[in-house]
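As the structure lists them, so they are numbered: ligands from 1, and atoms in each ligand from 1. Note that the coordinates shown come from a computational prediction; the quantities given were computed from them, not determined experimentally.
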Amino acid sequence: MSNNYDFNVKRKRPEEIYSKVSDYFKGETLEQYASSKSIVKMQEKITIRALELLKLKKNDALILDAGSGPGFTAMYLNEIGYKAVAIDLISSFLNYYDIKELNPIISDMCFPPFKPNTFDAIISISALQWIYRDINNEQMKNMLINLSKSFFQILKPDSRIIIQFYPKSKKILENIGKIIAEYTAFKGHFIIDNPNSQKKRKIYLLLDKET
Ligand SMILES: C[S@@+](CC[C@H](N)C(=O)[O-])C[C@H]1O[C@@H](n2cnc3c(N)ncnc32)[C@H](O)[C@@H]1O
């Protein structure tokens, strides 16, 4: 990322208004999100881009969809031949899955209940901003440390993670990069698509666990 590039989103995002994600995604909001055709389309588009960046070597890779919500990414991965495991905090989202195919797991992705070296890849779409969004909040920092250490552990060597998310500012994004570099052995960088359009901008964090 160029040092000259900067952004600071003025509009308040839901994660600034609701401290807990389960206070936002409930009732009508949850139902609307889970059944919106336009959100399915958008999240699929992000997933396709995430796969492009991951450059998977195996056609039948086992992929964790972390913060899966109603499972748009996991379902898409499954449809195109990958083996997807989905986890999310909110149990009502997981009712949207075809349970026989995906066996979604209710779990905090900062404490993923898997053995070391389990996954060929991890994809997380539009979730990280709920975990880390305030550089002065020690609890959020600790959750991010836990998430990155756990992801490092459950990922197979020579594998990658892609995280798409909506940081509020360049400062938050940089802090995330610094924390992950300090506490794990991941090699990583950010990719910003459509950097000059607030509406179309998509931010990805690509993390490599080298052998
Ligand atoms: C905007 S939704 C995105 C859902 C899905 N990835 C998609 O692309 O449609 C954010 C999701 O992140 C989940 N989430 C946020 N923090 C989480 C955590 N600590 N552990 C697991 N899931 C979390 C929320 O429950 C919610 O389902």
Original post:
Should we say atom CG of D60 is surrounded by more than 12 heavy atoms from elsewhere, each under 6.0 Å from it?
Top reply: yes

Original post:
Do F186 and E210 come within less than 4.5 Å of each other through their side chains, counting heavy atoms only?
Top reply: no

Original post:
Should the pair K170-E174 be classified as a salt bridge under the 4.0 Å nitrogen-to-oxygen rule?
Top reply: yes

Original post:
Listing by chain and number, which residues have a heavy atom under 4.0 Å from ligand 1?
Top reply: V21, F25, Y33, Q43, G67, S68, G69, F72, D88, L89, I90, F93, S107, D108, M109, I125, S126, A127, W130, I131

Using atom types as modelled, flag every donor-acceptor pair under 3.5 Å from a side chain in residues 142-150 to any protein atom, sequence neighbours excluded.
from: N142; atom 1: ND2; to: E138; atom 2: O; distance (Å): 3.3
from: N146; atom 1: ND2; to: C110; atom 2: O; distance (Å): 3.0
from: S148; atom 1: OG; to: L144; atom 2: O; distance (Å): 2.8
from: S148; atom 1: OG; to: I145; atom 2: O; distance (Å): 3.2
from: S150; atom 1: OG; to: C110; atom 2: O; distance (Å): 3.4
from: S150; atom 1: OG; to: N146; atom 2: O; distance (Å): 2.6

Can you give each donor-acceptor pair under 3.5 Å made by side-chain atoms of residues 80-92, sequence neighbours left out, with the distance rounded to 0.1 Å?
from: D88; atom 1: OD1; to: I90; atom 2: N; distance (Å): 2.9
from: D88; atom 1: OD2; to: S68; atom 2: N; distance (Å): 3.2
from: D88; atom 1: OD2; to: G69; atom 2: N; distance (Å): 2.7

Subject >> Sequence-distant partners of Y76, ring pair (Phe, Tyr, Trp, His ring centres under 6.0 Å), two or more places apart >> reply: none

